[in-house]
Amino acid sequence: MKQLLPLIGYLLIVLPGWAQPVCRSFDYRQQQLSAHPGLTSVVEGIEQFTRRQLQQRSVEVTGQAAPLTSPTVITIPVIVHVLYNNSSENISNAQIKSQIDELNRDYQKMNPDTARIPSYFSGIATDCGFHFMLAGIDTNGRIISGIIRKHTNITAFADNDDMKFSARGGDDAWDRDKYLNIWVCNMVDGILGYSSLVGGPKETDGVVVLYTAFGTTGTARSPFNLGRTATHEVGHWLNLIHTWGDDSCGTDQVADTPPQQAATYGDPTGVVISCNNAPSGNMYMDYMDFTDDAGMHMFTYGQRDRMRTLFLPGGFRYPILSSPAATAAPGEPADSAYSGGAPGIGEARIYPNPVANTATIHLGDVSKVGSLLEVYDQTGQRIMATRVTTQDFNLNVSGLSSGIYFIRLSNGGSQQSLRLVKM
């Protein structure tokens with residue numbers, strides 16, 4: 001079990017991404033602390049809250065992690081800001097959706113390469129219970145795609161947060177209490193990405209990913225073409241620290257990840273011993289190390305609980321659990337001339353919900369019979385479309401896999417979104 005660092009050691013933890021020289025990460029941390037004098041005490045408070053919650057819930061019991069009291073699945077609405085200087089940087093919707101898919105696989109332990117986790121670590125690899133989806137509505141209730149595209153005169157961004165401000169060639173962040181902001185852009189000096197500090201200012205909250213390291217298709221280039229850069233950076237956004245604790249044999253404040261000497265690169269195999277961590281050695285297949293995408297396969301129970309602590313009452317990211325953006329399917333952006341929320345389809349509702357086989361869609365206004373009904377999965381992909389032919393319309397969902405889906409009803413200028421849980 002690792003010893004907890006003093007507070008000053010925690011503040012030296014570096015959150016920006018993995019492809020930067022160490023001095024870059026140090027500079028980013030220094031810039032944040034210098035620009036925001038109160039940040040030190042905020043970060044300290046979050047760490048104390050995390051430690052206290054984990055201790056109160058007896059997370060470390062004979063080396064095993066007990067589940068925290070928090071929602072079974074935490075849904076996180078995502079806004080993807082695509083900043084492009086040329087057409088190749090303006091990545092496709094398919095590439096964006098491939099990244100959302102990969103985040104969900106990795107954070108739910110549904111990635112096929114879990115088979116590569118060594119037997120001596122497989123018992124502590126776990127589903128972290130997070131689900132990511134492109135946001136379906138904006139703060140005014142208007143239907144959106146969850147994707148913002150913006151041309152920029154900046155050819156490559158540094159790790160100074162310029163991409164997070166419209167006035168500096170980027171795009172302003174959306175409210176972090178409702179959305180996870182992800183900026184995708186070109187970056188200088190081979191930087192793959194970086195994350196804001198948990199506790200930092202709202203206007204810079206989110207993660208940044210190089211456009212050639214985002215998703216699993218399109219511009220994504222080997223060895224960073226499996227979507228793991230975003231998995232890694234979102235881990236930081238969820239308060240995880242690099243597995244080596246950003247110091248020689250440092251601590252990541254997680255009990256079930258072994259200490260290791262330094263970052264790992266490439267795609268190693270076998271047991272690598274450092275910091276007296278025999279017999280199993282370094283957990284270099286963890287998402288919070290620096291291995292190539294192909295070498296990353298797991299989060300641990302301890303990492304899961306540290307991340308989920310943020311969403312407990314009083315936790316730094318607790319407000320996002322109430323985000324209305326998690327209840328609406330992503331669609332096409334509303335007409336820019338329309339300044340209010342999209343009008344509804346006569347207060348449509350759905351029952352039973354959850355449902356196993358057939359759900360009834362009730363239209364409050366009979367004149368809305370004939371509305372287009374579309375079903376979307378949580379990545380924003382449309383998987384079903386039909387017309388509502390009666391005021392109480394039976395929708396057969398028996399062929400859908402268990403999970404959360406979103407129904408969009410459209411009739412002329414009227415639109416409404418409903419959430420459906422398939423058992």
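- Within the 3.5 Å criterion, the main-chain N or O of Val254 finds no donor-acceptor partner in the side chain of Gln303.
- Ion pairing of Asp267 with Arg116 is present here, as a side-chain N (NZ or NE/NH1/NH2) and a carboxylate O approach within less than 4.0 Å.
- Ile46 approaches Gly199 most closely through the heavy-atom pair CD1-CA, 3.5 Å.
- Side-chain contact of Asn85 with Asn186: a donor-acceptor pair under 3.5 Å is absent, judged by distance alone.
- Look at Lys109 and Asp127 and you find no salt bridge, because none of the NZ, NE, NH1 or NH2 atoms lies under 4.0 Å from a carboxylate O.
- Under the 3.5 Å distance criterion, with hydrogens and angles disregarded, no donor-acceptor pair is assigned to the side chains of Thr390 and Asp392.
- Side-chain contact between Thr300 and Asp286: present, with at least one pair of heavy atoms (C-beta onward) separated by less than 4.5 Å.
- The closest side-chain heavy-atom distance from Met298 to Met283 is below 4.5 Å.
- Using a 4.5 Å cut-off on side-chain heavy atoms (C-beta onward), Tyr211 and Arg221 make contact.
- A distance of 4.5 Å separates OH of Tyr405 from CG of Leu400, quoted to the nearest 0.5 Å.
- Considering only heavy atoms from C-beta on, Thr216 stays 4.5 Å or farther from Gln99 through its side chain.
- Between the side chains of Ser166 and Lys150, at least one donor N or O lies within less than 3.5 Å of an accepting N or O.
- Considering Val421, Val397, Leu395 in turn, Val397 is the only one that fulfils the side-chain contact (heavy atoms from CB on, under 4.5 Å) rule with Val355.
- Counting only heavy atoms from C-beta outward, the side chains of Asp305 and Leu54 approach each other to under 4.5 Å.
- Remark: the Gln391 side chain and the Asp365 side chain contain no N/O donor-acceptor pair separated by less than 3.5 Å.
- For the atom pair His81 NE2 and Ile148 CD1, the distance stands at 5.0 Å (nearest 0.5 Å).
- For Lys164 (side chain) and Glu203 (main-chain N/O), no donor-acceptor pair under 3.5 Å exists by modelled atom type.
- Atom CG of Asp246 is separated from atom CG of Asp252 by 9.5 Å, given to the nearest 0.5 angstrom.
- The OG atom of Ser122 lies 12.5 Å from the NE2 atom of His297; values are rounded to the nearest 0.5 Å.
- Side chains of Met163 and Asp171 form no contact here, defined as non-hydrogen atoms less than 4.5 Å apart.
- Taking the ring centre of Trp237 as origin, the terminal cationic atom of Arg176 falls outside the region bounded by 6.0 Å and 45° from the ring axis.
- Classification of Asp113 and Arg105 as a salt-bridged pair fails, no side-chain N sitting under 4.0 Å from a carboxylate O.
- A salt bridge is absent between Lys202 and Asp205; no separation between the charged side-chain nitrogens and carboxylate oxygens falls under 4.0 Å.
- Between Asn357 and Ser398, the side chains place no donor N or O within less than 3.5 Å of an acceptor N or O (distance only, hydrogens not considered).
- Between the side chains of Asn394 and Thr360, at least one donor N or O lies within less than 3.5 Å of an accepting N or O.
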For a ring pair (Phe, Tyr, Trp, His ring centres under 6.0 Å) check, start with the C-alpha distance between His362 and Tyr351, then their side-chain angles and the critical distance, and finish with the verdict. CA-CA 8 Å; His362 172 77; Tyr351 63 91; 7.2 Å; no
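- Closest approach of Pro258 and Phe121 over heavy atoms only: CG-CZ, 4.1 Å.
- For the residue pair Gln95 / Thr219, a side-chain donor-acceptor distance below 3.5 Å is found, with atom types taken as modelled.
- Under 4.0 Å is where a charged nitrogen must lie from a carboxylate oxygen, and between Glu47 and Arg52 no such pair does.
- Aromatic ring centres of Tyr376 and Phe406 lie farther apart than the 6.0 Å criterion allows.
- With rounding to the nearest 0.5 angstrom, the OG1 atom of Thr152 is 4.5 Å from the CD1 atom of Ile154.
- Applying the ring pair (Phe, Tyr, Trp, His ring centres under 6.0 Å) test between Phe290 and each of Trp244, Tyr284, Phe224 identifies Trp244 as the sole match.
- We find the OG1-CG distance between Thr386 and Leu373 to be 7.0 Å, quoted to the nearest 0.5 Å.
- A donor-acceptor pair under 3.5 Å is formed between the side chain of Asn104 and the backbone N or O of Phe132.
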Going through the distances and angles, do Phe311 and Tyr318 end up as a ring pair (Phe, Tyr, Trp, His ring centres under 6.0 Å)? CA-CA 4 Å; Phe311 297 86; Tyr318 178 70; 8.8 Å; no
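- Counting only N and O atoms by type, the side chains of Asn90 and Arg149 include a donor and acceptor under 3.5 Å apart.
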